[in-house]
Number of protein chains: 2
Amino acid sequence: MTIARRSTPKSVRTREAIETAAKELFSLNGFDRTTVRDIGARAGIDPSMIIRYFGGKEALFAHVALPDLQLPDLSQADPATIGETMVRHFLEQWEGEQAGGGMPVLLRSAASNEEAAERLRAMFRDQVFPAIARVGPSETAAMRAGLVASQILGLAMARYVLLLPPVVMMSQDVIVRTVGETVQRYATGATGL
Amino acid sequence: MTIARRSTPKSVRTREAIETAAKELFSLNGFDRTTVRDIGARAGIDPSMIIRYFGGKEALFAHVALPDLQLPDLSQADPATIGETMVRHFLEQWEGEQAGGGMPVLLRSAASNEEAAERLRAMFRDQVFPAIARVGPSETAAMRAGLVASQILGLAMARYVLLLPPVVMMSQDVIVRTVGETVQRYATGATGL
DNA sequence: GTTTTTTGCCAACGCGTGTTGACAAAATCA
DNA sequence: TGATTTTGTCAACACGCGTTGGCAAAAAAC
(Lines give C-alpha, C1' and ligand atoms only; values in the text may rest on other atoms or scores of the structure.)
Protein backbone atom coordinates (compact mmCIF):
# COMPACT_ATOMS: atom_id res chain seq x y z
CA MET A 1 0.00 0.00 0.00
CA THR A 2 2.99 2.29 0.12
CA ILE A 3 2.86 4.52 -2.89
CA ALA A 4 6.46 4.29 -3.94
CA ARG A 5 7.53 7.55 -5.53
CA ARG A 6 10.30 6.88 -7.93
CA SER A 7 13.55 8.75 -7.41
CA THR A 8 12.65 9.69 -3.83
CA PRO A 9 13.68 6.82 -1.57
CA LYS A 10 12.00 6.89 1.79
CA SER A 11 15.16 8.02 3.50
CA VAL A 12 15.45 11.40 1.78
CA ARG A 13 11.81 12.17 2.47
CA THR A 14 12.22 11.68 6.19
CA ARG A 15 15.48 13.57 6.05
CA GLU A 16 13.57 16.48 4.60
CA ALA A 17 10.79 16.08 7.14
CA ILE A 18 13.36 16.34 9.89
CA GLU A 19 15.00 19.37 8.32
CA THR A 20 11.66 21.14 7.89
CA ALA A 21 10.53 20.43 11.44
CA ALA A 22 13.90 21.47 12.83
CA LYS A 23 13.90 24.76 10.95
CA GLU A 24 10.43 25.59 12.19
CA LEU A 25 11.12 24.75 15.79
CA PHE A 26 14.59 26.29 15.96
CA SER A 27 13.29 29.53 14.51
CA LEU A 28 10.29 29.50 16.82
CA ASN A 29 12.04 28.66 20.06
CA GLY A 30 15.77 28.97 19.52
CA PHE A 31 18.37 26.28 20.06
CA ASP A 32 18.05 25.62 23.77
CA ARG A 33 14.28 25.44 23.96
CA THR A 34 14.02 23.07 21.01
CA THR A 35 14.36 19.40 21.93
CA VAL A 36 15.19 16.46 19.75
CA ARG A 37 12.00 14.86 20.93
CA ASP A 38 9.94 17.83 19.75
CA ILE A 39 11.54 17.72 16.33
CA GLY A 40 10.91 14.01 16.06
CA ALA A 41 7.28 14.41 17.04
CA ARG A 42 6.69 17.14 14.48
CA ALA A 43 8.46 15.20 11.77
CA GLY A 44 6.50 12.10 12.66
CA ILE A 45 9.47 9.91 13.40
CA ASP A 46 11.40 8.61 16.36
CA PRO A 47 13.92 11.00 17.94
CA SER A 48 16.65 8.45 17.55
CA MET A 49 16.43 8.83 13.77
CA ILE A 50 17.68 12.37 14.14
CA ILE A 51 20.90 11.18 15.65
CA ARG A 52 21.26 8.50 13.02
CA TYR A 53 20.66 10.88 10.14
CA PHE A 54 22.49 13.96 11.32
CA GLY A 55 24.79 12.82 14.08
CA GLY A 56 23.27 14.84 16.88
CA LYS A 57 21.36 17.96 17.80
CA GLU A 58 24.28 20.35 17.33
CA ALA A 59 25.05 18.87 13.93
CA LEU A 60 21.42 19.14 12.88
CA PHE A 61 21.37 22.76 13.96
CA ALA A 62 24.52 23.49 12.02
CA HIS A 63 22.95 21.84 9.01
CA VAL A 64 19.61 23.63 8.94
CA ALA A 65 20.32 26.94 10.64
CA LEU A 66 23.54 27.91 9.01
CA PRO A 67 22.91 27.97 5.29
CA ASP A 68 24.43 31.10 3.82
CA LEU A 69 22.21 34.11 3.99
CA GLN A 70 23.77 35.24 0.79
CA LEU A 71 23.27 38.79 -0.34
CA PRO A 72 23.23 38.64 -4.12
CA ASP A 73 25.42 41.22 -5.76
CA LEU A 74 26.14 43.98 -3.30
CA SER A 75 29.62 44.32 -4.70
CA GLN A 76 28.18 45.88 -7.83
CA ALA A 77 25.42 47.95 -6.26
CA ASP A 78 25.10 51.62 -7.08
CA PRO A 79 26.79 53.55 -4.25
CA ALA A 80 24.10 56.19 -4.44
CA THR A 81 21.37 53.70 -3.50
CA ILE A 82 23.31 51.11 -1.55
CA GLY A 83 21.24 51.78 1.56
CA GLU A 84 17.89 50.90 0.07
CA THR A 85 19.39 48.09 -1.97
CA MET A 86 20.89 46.51 1.10
CA VAL A 87 17.76 46.71 3.19
CA ARG A 88 15.64 45.39 0.34
CA HIS A 89 17.93 42.44 -0.19
CA PHE A 90 17.95 41.58 3.49
CA LEU A 91 14.18 41.78 3.74
CA GLU A 92 13.68 39.61 0.68
CA GLN A 93 16.18 37.12 1.98
CA TRP A 94 14.57 36.98 5.40
CA GLU A 95 10.99 36.82 4.27
CA GLY A 96 11.36 34.80 1.10
CA GLU A 97 10.02 31.27 1.18
CA GLN A 98 13.28 29.90 -0.06
CA ALA A 99 15.29 30.67 3.04
CA GLY A 100 12.56 29.40 5.32
CA GLY A 101 13.28 32.03 7.90
CA GLY A 102 16.93 31.30 8.46
CA MET A 103 17.44 34.66 10.10
CA PRO A 104 15.04 34.24 13.03
CA VAL A 105 16.77 30.95 13.75
CA LEU A 106 20.11 32.66 14.03
CA LEU A 107 18.83 35.60 16.05
CA ARG A 108 16.91 33.46 18.50
CA SER A 109 19.90 31.22 19.01
CA ALA A 110 22.67 33.80 19.01
CA ALA A 111 22.09 34.52 22.67
CA SER A 112 22.77 30.96 23.75
CA ASN A 113 24.69 29.31 20.92
CA GLU A 114 28.14 30.62 20.18
CA GLU A 115 28.16 29.07 16.73
CA ALA A 116 25.06 31.04 15.80
CA ALA A 117 26.62 34.23 17.13
CA GLU A 118 29.78 33.64 15.16
CA ARG A 119 27.74 32.98 12.05
CA LEU A 120 26.03 36.33 12.49
CA ARG A 121 29.35 38.11 12.97
CA ALA A 122 30.72 36.38 9.88
CA MET A 123 27.68 37.47 7.93
CA PHE A 124 28.45 41.11 8.56
CA ARG A 125 32.19 40.72 8.27
CA ASP A 126 32.05 38.93 4.92
CA GLN A 127 29.05 40.54 3.29
CA VAL A 128 28.23 43.89 4.84
CA PHE A 129 31.71 45.17 5.54
CA PRO A 130 33.14 44.70 2.02
CA ALA A 131 30.13 46.38 0.47
CA ILE A 132 30.42 49.31 2.88
CA ALA A 133 34.15 49.65 2.41
CA ARG A 134 33.66 50.31 -1.29
CA VAL A 135 31.56 53.42 -0.84
CA GLY A 136 33.63 55.49 1.56
CA PRO A 137 37.02 56.15 3.13
CA SER A 138 38.69 52.98 4.31
CA GLU A 139 39.71 54.49 7.66
CA THR A 140 36.11 54.63 8.78
CA ALA A 141 34.93 51.50 7.00
CA ALA A 142 34.79 49.32 10.10
CA MET A 143 32.85 51.90 12.05
CA ARG A 144 30.42 52.56 9.23
CA ALA A 145 29.86 48.85 8.74
CA GLY A 146 29.30 48.46 12.47
CA LEU A 147 26.64 51.14 12.45
CA VAL A 148 24.95 49.56 9.44
CA ALA A 149 25.04 46.20 11.19
CA SER A 150 23.47 47.63 14.32
CA GLN A 151 20.56 49.03 12.36
CA ILE A 152 20.01 45.90 10.28
CA LEU A 153 20.29 43.73 13.35
CA GLY A 154 17.85 45.84 15.30
CA LEU A 155 15.36 45.75 12.46
CA ALA A 156 15.49 41.96 12.43
CA MET A 157 15.22 41.71 16.22
CA ALA A 158 12.25 44.05 16.38
CA ARG A 159 10.42 42.48 13.44
CA TYR A 160 11.09 38.77 13.94
CA VAL A 161 12.09 38.09 17.53
CA LEU A 162 10.56 40.77 19.71
CA LEU A 163 7.62 41.26 17.36
CA LEU A 164 7.23 44.92 18.20
CA PRO A 165 3.79 45.68 16.79
CA PRO A 166 4.58 48.80 14.73
CA VAL A 167 7.68 47.22 13.22
CA VAL A 168 5.82 44.03 12.37
CA MET A 169 3.07 45.94 10.64
CA MET A 170 5.28 48.14 8.48
CA SER A 171 5.30 47.19 4.82
CA GLN A 172 8.50 46.14 3.13
CA ASP A 173 8.38 49.27 1.00
CA VAL A 174 8.19 51.64 3.93
CA ILE A 175 11.01 49.84 5.70
CA VAL A 176 13.18 49.93 2.63
CA ARG A 177 12.63 53.66 2.34
CA THR A 178 13.06 54.68 5.98
CA VAL A 179 15.69 52.25 7.19
CA GLY A 180 17.37 52.36 3.81
CA GLU A 181 17.92 56.07 4.24
CA THR A 182 19.63 55.45 7.57
CA VAL A 183 21.82 52.73 6.16
CA GLN A 184 22.70 55.03 3.27
CA ARG A 185 23.85 57.72 5.69
CA TYR A 186 25.87 55.29 7.76
CA ALA A 187 27.39 53.65 4.69
CA THR A 188 28.55 56.85 3.05
CA GLY A 189 29.71 58.43 6.26
CA ALA A 190 27.23 61.26 5.88
CA THR A 191 26.82 61.26 9.63
CA GLY A 192 29.41 62.96 11.83
CA LEU A 193 32.25 60.51 11.34
CA MET B 1 35.62 35.69 64.75
CA THR B 2 32.68 36.81 62.70
CA ILE B 3 32.89 40.52 62.31
CA ALA B 4 29.29 41.35 62.98
CA ARG B 5 28.28 44.39 60.97
CA ARG B 6 25.49 46.12 62.73
CA SER B 7 22.30 46.70 60.73
CA THR B 8 23.25 44.15 58.10
CA PRO B 9 22.02 40.77 59.30
CA LYS B 10 23.61 37.85 57.60
CA SER B 11 20.50 37.15 55.59
CA VAL B 12 20.49 40.36 53.60
CA ARG B 13 24.14 39.98 52.77
CA THR B 14 23.64 36.56 51.23
CA ARG B 15 20.50 37.82 49.53
CA GLU B 16 22.63 40.46 47.90
CA ALA B 17 25.33 37.95 47.06
CA ILE B 18 22.74 35.85 45.27
CA GLU B 19 21.36 38.85 43.43
CA THR B 20 24.81 39.94 42.30
CA ALA B 21 25.83 36.48 41.13
CA ALA B 22 22.51 36.01 39.36
CA LYS B 23 22.77 39.31 37.53
CA GLU B 24 26.26 38.51 36.35
CA LEU B 25 25.45 35.02 35.15
CA PHE B 26 22.10 35.85 33.61
CA SER B 27 23.64 38.69 31.65
CA LEU B 28 26.57 36.55 30.62
CA ASN B 29 24.71 33.44 29.56
CA GLY B 30 21.02 34.28 29.42
CA PHE B 31 18.23 32.58 31.31
CA ASP B 32 18.40 29.04 29.96
CA ARG B 33 22.14 28.55 30.18
CA THR B 34 22.32 29.81 33.75
CA THR B 35 21.70 27.18 36.42
CA VAL B 36 20.81 27.70 40.03
CA ARG B 37 23.82 25.59 40.92
CA ASP B 38 26.08 28.02 39.08
CA ILE B 39 24.52 30.96 40.87
CA GLY B 40 24.90 29.26 44.21
CA ALA B 41 28.54 28.42 43.54
CA ARG B 42 29.36 31.99 42.57
CA ALA B 43 27.50 33.40 45.54
CA GLY B 44 29.24 30.93 47.83
CA ILE B 45 26.09 29.31 49.17
CA ASP B 46 24.02 26.22 48.65
CA PRO B 47 21.66 26.26 45.66
CA SER B 48 18.74 25.43 47.89
CA MET B 49 19.05 28.85 49.52
CA ILE B 50 18.06 30.41 46.23
CA ILE B 51 14.73 28.66 46.31
CA ARG B 52 14.23 29.56 49.95
CA TYR B 53 15.06 33.22 49.47
CA PHE B 54 13.43 33.89 46.12
CA GLY B 55 11.01 31.06 45.54
CA GLY B 56 12.64 29.62 42.45
CA LYS B 57 14.73 30.32 39.40
CA GLU B 58 11.99 32.13 37.47
CA ALA B 59 11.19 34.30 40.46
CA LEU B 60 14.84 35.17 40.98
CA PHE B 61 15.12 36.10 37.33
CA ALA B 62 12.06 38.29 37.56
CA HIS B 63 13.57 39.94 40.61
CA VAL B 64 17.03 40.75 39.27
CA ALA B 65 16.49 41.06 35.55
CA LEU B 66 13.38 43.13 35.50
CA PRO B 67 14.12 46.25 37.49
CA ASP B 68 12.89 49.24 35.52
CA LEU B 69 15.37 50.52 33.02
CA GLN B 70 14.05 53.94 33.73
CA LEU B 71 14.86 56.74 31.37
CA PRO B 72 15.06 59.84 33.54
CA ASP B 73 13.12 62.74 32.12
CA LEU B 74 12.53 62.18 28.46
CA SER B 75 9.13 63.79 28.77
CA GLN B 76 10.83 67.15 29.20
CA ALA B 77 13.67 66.72 26.73
CA ASP B 78 14.30 69.34 24.10
CA PRO B 79 12.64 68.09 20.89
CA ALA B 80 15.54 69.45 18.87
CA THR B 81 18.03 67.14 20.59
CA ILE B 82 15.85 64.26 21.66
CA GLY B 83 17.83 61.83 19.52
CA GLU B 84 21.17 62.40 21.20
CA THR B 85 19.52 62.73 24.59
CA MET B 86 17.80 59.41 24.22
CA VAL B 87 20.86 57.52 23.06
CA ARG B 88 22.98 59.06 25.80
CA HIS B 89 20.51 58.14 28.48
CA PHE B 90 20.27 54.58 27.23
CA LEU B 91 24.03 54.19 27.09
CA GLU B 92 24.49 55.59 30.58
CA GLN B 93 21.76 53.36 31.89
CA TRP B 94 23.21 50.26 30.24
CA GLU B 95 26.81 50.89 31.13
CA GLY B 96 26.42 52.53 34.50
CA GLU B 97 27.51 50.54 37.50
CA GLN B 98 24.20 51.10 39.17
CA ALA B 99 22.12 49.02 36.79
CA GLY B 100 24.68 46.24 36.74
CA GLY B 101 24.04 45.49 33.11
CA GLY B 102 20.31 44.91 33.29
CA MET B 103 19.99 45.32 29.54
CA PRO B 104 22.26 42.48 28.44
CA VAL B 105 20.29 40.24 30.76
CA LEU B 106 17.06 41.13 29.03
CA LEU B 107 18.49 40.88 25.53
CA ARG B 108 20.16 37.55 26.09
CA SER B 109 17.01 36.13 27.61
CA ALA B 110 14.41 37.68 25.31
CA ALA B 111 14.91 34.92 22.79
CA SER B 112 13.98 32.16 25.20
CA ASN B 113 12.05 33.81 28.01
CA GLU B 114 8.71 35.36 27.13
CA GLU B 115 8.68 37.46 30.28
CA ALA B 116 11.94 39.09 29.24
CA ALA B 117 10.58 39.75 25.76
CA GLU B 118 7.45 41.33 27.19
CA ARG B 119 9.54 43.47 29.51
CA LEU B 120 11.47 44.77 26.52
CA ARG B 121 8.29 45.53 24.62
CA ALA B 122 6.90 47.32 27.66
CA MET B 123 10.08 49.32 27.93
CA PHE B 124 9.58 50.78 24.48
CA ARG B 125 5.82 51.09 24.81
CA ASP B 126 5.96 52.96 28.11
CA GLN B 127 9.13 54.98 27.76
CA VAL B 128 10.14 55.39 24.13
CA PHE B 129 6.74 55.72 22.55
CA PRO B 130 5.42 58.55 24.75
CA ALA B 131 8.60 60.55 24.29
CA ILE B 132 8.43 60.09 20.53
CA ALA B 133 4.76 60.92 20.35
CA ARG B 134 5.43 64.38 21.78
CA VAL B 135 7.74 65.49 18.99
CA GLY B 136 5.74 64.72 15.88
CA PRO B 137 2.36 63.97 14.34
CA SER B 138 0.41 61.41 16.33
CA GLU B 139 -0.63 59.47 13.21
CA THR B 140 2.94 58.35 12.63
CA ALA B 141 3.94 58.09 16.28
CA ALA B 142 3.80 54.31 16.45
CA MET B 143 5.85 53.89 13.33
CA ARG B 144 8.42 56.46 14.40
CA ALA B 145 8.74 54.85 17.81
CA GLY B 146 9.13 51.46 16.16
CA LEU B 147 11.98 52.70 14.02
CA VAL B 148 13.65 54.28 17.03
CA ALA B 149 13.25 51.04 18.93
CA SER B 150 14.78 49.02 16.11
CA GLN B 151 17.87 51.22 16.09
CA ILE B 152 18.27 51.28 19.86
CA LEU B 153 17.71 47.55 20.05
CA GLY B 154 20.23 46.84 17.32
CA LEU B 155 22.81 49.00 19.02
CA ALA B 156 22.42 47.03 22.22
CA MET B 157 22.51 43.69 20.43
CA ALA B 158 25.62 44.57 18.48
CA ARG B 159 27.45 46.07 21.43
CA TYR B 160 26.50 43.74 24.28
CA VAL B 161 25.32 40.42 22.89
CA LEU B 162 26.94 39.87 19.52
CA LEU B 163 29.99 41.91 20.50
CA LEU B 164 30.62 43.11 16.96
CA PRO B 165 34.16 44.47 17.22
CA PRO B 166 33.69 47.92 15.66
CA VAL B 167 30.55 48.58 17.68
CA VAL B 168 32.20 47.45 20.89
CA MET B 169 35.15 49.74 20.32
CA MET B 170 33.19 52.89 19.53
CA SER B 171 33.26 55.49 22.30
CA GLN B 172 30.06 56.58 23.96
CA ASP B 173 30.49 60.04 22.47
CA VAL B 174 30.73 58.81 18.91
CA ILE B 175 27.72 56.56 19.35
CA VAL B 176 25.70 59.38 20.84
CA ARG B 177 26.51 61.55 17.86
CA THR B 178 26.01 59.05 15.05
CA VAL B 179 23.17 56.93 16.34
CA GLY B 180 21.64 59.98 17.99
CA GLU B 181 21.35 61.62 14.60
CA THR B 182 19.46 58.60 13.27
CA VAL B 183 17.13 58.52 16.24
CA GLN B 184 16.55 62.23 15.80
CA ARG B 185 15.50 61.70 12.18
CA TYR B 186 13.22 58.81 13.08
CA ALA B 187 11.71 60.66 16.02
CA THR B 188 10.85 63.81 14.16
CA GLY B 189 9.67 62.02 11.05
CA ALA B 190 12.38 63.67 8.98
CA THR B 191 12.63 60.49 6.98
CA GLY B 192 10.06 59.74 4.27
CA LEU B 193 7.06 59.04 6.48
C1' DG C 1 12.23 -17.29 -2.70
C1' DT C 2 15.99 -16.34 0.06
C1' DT C 3 19.41 -13.33 1.71
C1' DT C 4 20.96 -8.73 2.77
C1' DT C 5 20.41 -4.02 3.43
C1' DT C 6 17.74 -0.24 4.65
C1' DT C 7 14.42 2.15 7.64
C1' DG C 8 12.24 2.57 11.86
C1' DC C 9 10.62 1.88 16.82
C1' DC C 10 11.39 0.78 21.54
C1' DA C 11 13.40 0.70 25.99
C1' DA C 12 16.91 2.26 28.52
C1' DC C 13 21.23 4.60 29.83
C1' DG C 14 23.68 8.49 32.07
C1' DC C 15 23.48 13.09 33.13
C1' DG C 16 22.08 17.64 34.64
C1' DT C 17 18.18 20.17 35.97
C1' DG C 18 14.99 22.68 39.57
C1' DT C 19 13.23 21.62 43.76
C1' DT C 20 12.27 19.54 48.43
C1' DG C 21 12.65 18.03 53.23
C1' DA C 22 15.38 16.62 57.09
C1' DC C 23 18.75 17.98 59.93
C1' DA C 24 23.07 20.66 61.94
C1' DA C 25 25.22 24.99 63.40
C1' DA C 26 24.77 29.61 64.54
C1' DA C 27 22.54 33.58 66.23
C1' DT C 28 18.89 35.54 68.99
C1' DC C 29 15.92 35.77 72.72
C1' DA C 30 14.19 34.68 77.58
C1' DT D 1 22.08 29.25 80.94
C1' DG D 2 18.32 27.19 78.27
C1' DA D 3 14.75 27.63 74.51
C1' DT D 4 13.75 29.27 69.95
C1' DT D 5 14.27 31.19 65.68
C1' DT D 6 17.27 32.03 61.94
C1' DT D 7 20.75 30.59 58.43
C1' DG D 8 22.79 27.09 56.08
C1' DT D 9 24.22 22.25 54.31
C1' DC D 10 23.38 17.72 52.61
C1' DA D 11 21.32 14.05 50.25
C1' DA D 12 17.81 12.84 47.46
C1' DC D 13 13.81 13.29 44.56
C1' DA D 14 11.36 13.45 40.06
C1' DC D 15 11.88 14.97 35.61
C1' DG D 16 13.49 15.96 30.93
C1' DC D 17 17.38 15.90 28.16
C1' DG D 18 20.60 13.85 24.24
C1' DT D 19 22.07 9.63 23.06
C1' DT D 20 22.72 4.46 22.44
C1' DG D 21 22.06 -0.44 21.16
C1' DG D 22 19.06 -4.09 20.05
C1' DC D 23 15.54 -5.81 17.40
C1' DA D 24 11.33 -5.94 14.10
C1' DA D 25 9.51 -4.84 9.67
C1' DA D 26 9.98 -3.35 5.14
C1' DA D 27 12.61 -2.90 0.88
C1' DA D 28 16.12 -4.26 -2.22
C1' DA D 29 19.24 -7.41 -4.17
C1' DC D 30 20.36 -11.75 -5.65
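Letters go in sequence order (proteins before strands), and every chain restarts at 1.
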Item to check | Atom-pair distance (CG on Asn113(B); P on dG18(C)), nearest Å | outcome: 13 Å
Identify the pairs formed between an N or O of the protein and an N or O of nucleotides 20-22 of chain D at a distance under 3.5 Å, and give each distance.
none

Checklist entry - Expressed in angstrom and rounded to an integer, what is the separation of Tyr53(A) atom OH from dG18(D) atom P? => result 20 Å
Checklist entry - Are any side-chain N or O atoms of Thr34(B) and backbone N or O atoms of Leu25(B), one a donor and one an acceptor, separated by less than 3.5 Å? => result yes
Item to check | Atom-pair distance (CD1 on Ile50(A); C1' on dG8(C)), nearest Å | outcome: 13 Å
Checklist entry - Cut-off 3.5 Å, side chains only: do Gln151(B) and Ser150(A) have a donor facing an acceptor? => result yes
Checklist entry - For the side chain of Val36(A), counting heavy atoms from C-beta on, which of dG8(D), dG18(D), dC9(C) is nearest? => result dG18(D)
Item to check | Rounded distance in Å - CD (Glu16(A)) to P (dT7(C)) | outcome: 13 Å
Checklist entry - Taking the six-membered ring where the residue is Trp, are the ring centres of Phe61(A) and Phe26(A) under 6.0 Å apart? => result yes
Checklist entry - Could you give the CZ-to-C1' distance, from Arg13(A) to dG8(C), as a whole number of Å? => result 14 Å
Checklist entry - Roughly how many Å is it from CD in Glu58(B) to C1' in dG18(C), rounded to a whole number? => result 11 Å
Item to check | Protein-nucleotide distance (Phe54(B), atom CZ; dT19(C), atom C1'), rounded to Å | outcome: 16 Å
Item to check | N/O donor-acceptor pair under 3.5 Å between Arg144(B) side chain and Pro137(B) backbone | outcome: yes
Next on the checklist: Looking at Arg37(B) and dG18(C), is any side-chain donor or acceptor paired with a base atom of the opposite kind under 3.5 Å?
Outcome noted: yes
Checklist entry - Taking only residues two or more places apart in sequence or in another chain, which ones pass side-chain contact (heavy atoms from CB on, under 4.5 Å) with Thr20(A)? => result Glu24(A)
Item to check | Check: Ser171(B) side chain, Val174(B) main-chain N or O, donor-acceptor pair, under 3.5 Å | outcome: yes
Checklist entry - Of all the choices, dG8(D), dG8(C), dT19(D), which nucleotide is nearest to the side chain of Thr14(B) once you look at every atom? => result dG8(D)
Checklist entry - Donor-acceptor pair, Gln184(B) side chain versus Pro79(B) backbone, under 3.5 Å? => result yes
Checklist entry - Arg15(B) has an atom CZ; how far is it from atom C1' of dT6(D), in whole Å? => result 14 Å
